[in-house]
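A short worksheet on the structure shown next.
Order of the sequence lines sets the chain letters (A, B, ...), proteins ahead of strands, with each chain counted from 1.
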Number of protein chains: 2
Amino acid sequence: MSARPANPHLASDIISAAASIIEENGPEGLTMRDVADRVGYSPTTIYLYFKNKEQLLDETVNRAFEWFADWCEKAQTGPTPIDRLRQTAHAYLDWGLQNPGMYRLMFEWGYLGDISEEAIFARRRSWRGCRQLVEMGAEKGLLPLSLDSGLAADVMWVATHGLVSLAISGRMFGNPGVADPEVVHKRSHMIMDALVDGWLSDWASPGS
Amino acid sequence: MSARPANPHLASDIISAAASIIEENGPEGLTMRDVADRVGYSPTTIYLYFKNKEQLLDETVNRAFEWFADWCEKAQTGPTPIDRLRQTAHAYLDWGLQNPGMYRLMFEWGYLGDISEEAIFARRRSWRGCRQLVEMGAEKGLLPLSLDSGLAADVMWVATHGLVSLAISGRMFGNPGVADPEVVHKRSHMIMDALVDGWLSDWASPGS
DNA sequence: ACCGATAACTTAACACCGTTTAGTGAACAG
DNA sequence: CTGTTCACTAAACGGTGTTAAGTTATCGGT
């Protein structure tokens, strides 16, 4: 959000170029010089539109989170909150499997920079959607809920994130690193179903 | 595992130096020159003992996985498999919270390199321990298991990893990035208990 | 005692990275 | 015509992983 020159498309083009490079080479494979080449300007020009690499990545991530939340919301076509919860979970997984570079940047890249309150709020949009589904399911008695909805949403998110994280890192399924994409896809959706099944059964328990 | 000069302690010292730098500065903050400084040699000497940075990191990770598996096994003091499962889960979480830099390197760092079959087998030691606990719990009727034990272990591992991953990245708990360590510790152990509670209730379910 | 080989290590450089300094050239206001 | 501003760039700085080419010391053989 630094003061920018007039060219109104360039900032957006730079972000698009960064996003496509991230998908091709991963977050660690993104260089300012590559971004500049792709938009047809010199590397210094990037710094007229973004304070530094971190800010460029932050804004790229902000846009990716919007796209990600849209994707998850669009998947919710089922009649009951339970249906929509399962659909959301699988949509989340698919998004991660299809955009592994961006997913890693969004959820695993170092520690968070100095992003604004609005950006934080916007990034958590999909989490709020998840919590709403949990609350709707609990109200209708479809979800046996002994936890508050925020904790339940955290539990679901944590497990879903862990599945995506391991699946895209090639560290799962007996032979870590090998990871035929089709095998990973099939196995991870199977695990996703098992996770959702677990959420739908009773959460109440003896405790520790 | 490249052919190495005679100095028998140096390779191990280099790995130790790398490990401590990773804990101080994170994986992205590790420099070959820093490693060399810390062991008191020139940067080029490191390349006499390790082919490149990737191999140094691989061997550092191998050693960390041993330490990690020891830690998880030592925590299993309870009488029943269920007790030991919960203890293992919390031990896993604590290890991650206390060694965030190494944890990220072990589980989230780019794609896996060309590591040997033995190394892969060794790295999965803690996963096998988890699966054994699940099998013991199921045999004794303590764990209602409608899944095969490998899938059940994957489900548990995935959720536990997701919790650690989000907790150490500062992306959880309403205000991502802020993350007072004590708050993170308390909240993440609460989520861990909720996760374990879920595993102990019935896994059987309608499916999707 | 001397020679050559080898082993352990270092100096100096390479290409590349994020970033900054000091511009260039064109458009425009007076 | 002049001075200013604006969008952009060339060249450099310090830092990175890595390598080529030494340097120095030790040791076996004669």
Side-chain angles (χ1 to χ4, degrees), chain A residues 1-22 24-61 101 104-105 109-115, chain B residues 1-22 24-61 101 104-105 109-115:
Chain A
M1 305 290 181
S2 55
R4 284 175 177 161
N7 192 333
H9 297 303
L10 191 46
S12 169
D13 287 350
I14 292 169
I15 291 176
S16 297
S20 68
I21 292 173
I22 286 163
E24 287 167 32
N25 306 336
E28 61 278 328
L30 178 115
T31 69
M32 297 299 265
R33 285 170 171 85
D34 282 351
V35 173
D37 274 356
R38 193 157 300 202
V39 294
Y41 288 84
S42 78
T44 353
T45 297
I46 311 297
Y47 288 86
L48 301 176
Y49 291 82
F50 300 90
K51 195 180 146 225
N52 51 28
K53 188 178 185 179
E54 186 183 335
Q55 200 205 15
L56 169 58
L57 291 180
D58 274 346
E59 299 203 22
T60 307
V61 164
R104 285 199 291 138
L105 180 61
W109 206 244
Y111 294 91
L112 254 37
D114 287 329
I115 57 175
Chain B
M1 305 288 180
S2 55
R4 283 175 178 159
N7 190 334
H9 297 303
L10 191 46
S12 169
D13 287 350
I14 291 170
I15 291 176
S16 297
S20 67
I21 292 173
I22 285 163
E24 288 167 31
N25 305 337
E28 61 278 327
L30 179 115
T31 292
M32 296 300 264
R33 285 168 172 87
D34 283 350
V35 172
D37 274 356
R38 194 159 298 203
V39 294
Y41 288 84
S42 78
T44 28
T45 297
I46 310 298
Y47 288 86
L48 301 175
Y49 291 81
F50 299 89
K51 194 180 147 227
N52 51 28
K53 189 177 184 179
E54 184 182 337
Q55 199 204 15
L56 169 57
L57 291 180
D58 274 347
E59 298 204 21
T60 307
V61 164
R104 284 198 292 140
L105 180 61
W109 207 243
Y111 295 90
L112 252 38
D114 287 329
I115 58 176

Can you give me the closest heavy-atom contact between Val39(B) and Ala17(B), atom names plus distance?
CG1-CB, 3.8 Å
His9(A) atom NE2 is separated from dA7(D) atom C1', nearest whole Å, by 16 Å
Using whole Å, what does the distance between atom P of nucleotide dT16(D) and atom CD of Glu28(B) come to?
14 Å
CA sep, side-chain torsions, deciding dist, call: Thr45(A), Leu10(A), side-chain contact (heavy atoms from CB on, under 4.5 Å)
CA-CA 10 Å; Thr45(A) 297; Leu10(A) 191 46; 4.2 Å; yes
From Ile15(A) atom CD1 to Leu57(A) atom CG, the distance as rounded to the nearest 0.5 Å:
10.5 Å
Applying the side-chain contact (heavy atoms from CB on, under 4.5 Å) criterion to Phe50(A), which one of Val35(A), Leu56(A), Asp58(A) satisfies it?
Leu56(A)
Would you mind reading off the distance between Phe50(B) atom CZ and dG17(D) atom P, rounded to a whole angstrom?
15 Å
Separation of dA7(D) C1' from Tyr41(A) OH (nearest whole Å)
9 Å
What integer distance in Å separates Tyr49(A):OH from dA7(D):C1'?
7 Å
What distance separates Ser42(B) OG from Leu48(B) CG, expressed to the nearest 0.5 Å?
8.0 Å
Looking at side-chain heavy atoms only, is the closest gap between Glu28(A) and Arg104(A) below 4.5 Å?
yes
Between the axis at one end of the helix from dA1(C)-dT30(D) to dG30(C)-dC1(D) and the axis at the other (five pairs apiece), what's the angle to 10 degrees?
30°
Looking at every non-hydrogen atom in both residues, tell me the closest pair between Ile46(A) and Met32(A) and how far apart they are.
CG2-CE, 3.7 Å
Could you tell me whether the phosphate oxygens of dC8(D), OP1 or OP2, come under 4.0 Å of any side-chain nitrogen or oxygen in Ser42(A)?
no
Ile21(B) versus Arg38(B), closest heavy-atom pair with distance
CG1-CZ, 3.6 Å
Rounded to whole Å, the CG-P distance (Leu48(B) to dT19(D)) equals 12 Å
List, with names and distances, any nitrogen or oxygen atoms from the protein found under 3.5 Å away from nitrogen or oxygen atoms belonging to nucleotides 13-19 of chain C.
unit_1, atom_1, unit_2, atom_2, d
dG18(C), OP1, Leu30(A), O, 3.4
dG18(C), OP1, Met32(A), N, 3.2
dG18(C), OP1, Lys53(A), NZ, 2.9
dG18(C), OP2, Met32(A), N, 3.0
dG18(C), N7, Arg33(A), NH1, 2.6
dG18(C), O6, Arg33(A), NH2, 3.0
dT19(C), OP2, Tyr47(A), OH, 2.9
dT19(C), OP2, Lys53(A), N, 2.8
dT19(C), O5', Tyr47(A), OH, 3.4

Starting from C1' on dG15(D), measure out to CG on Asp37(B) and report it in whole angstrom.
13 Å
Nearest 0.5 Å, please: how far is CD in Glu59(A) from CD1 in Ile14(A)?
10.0 Å
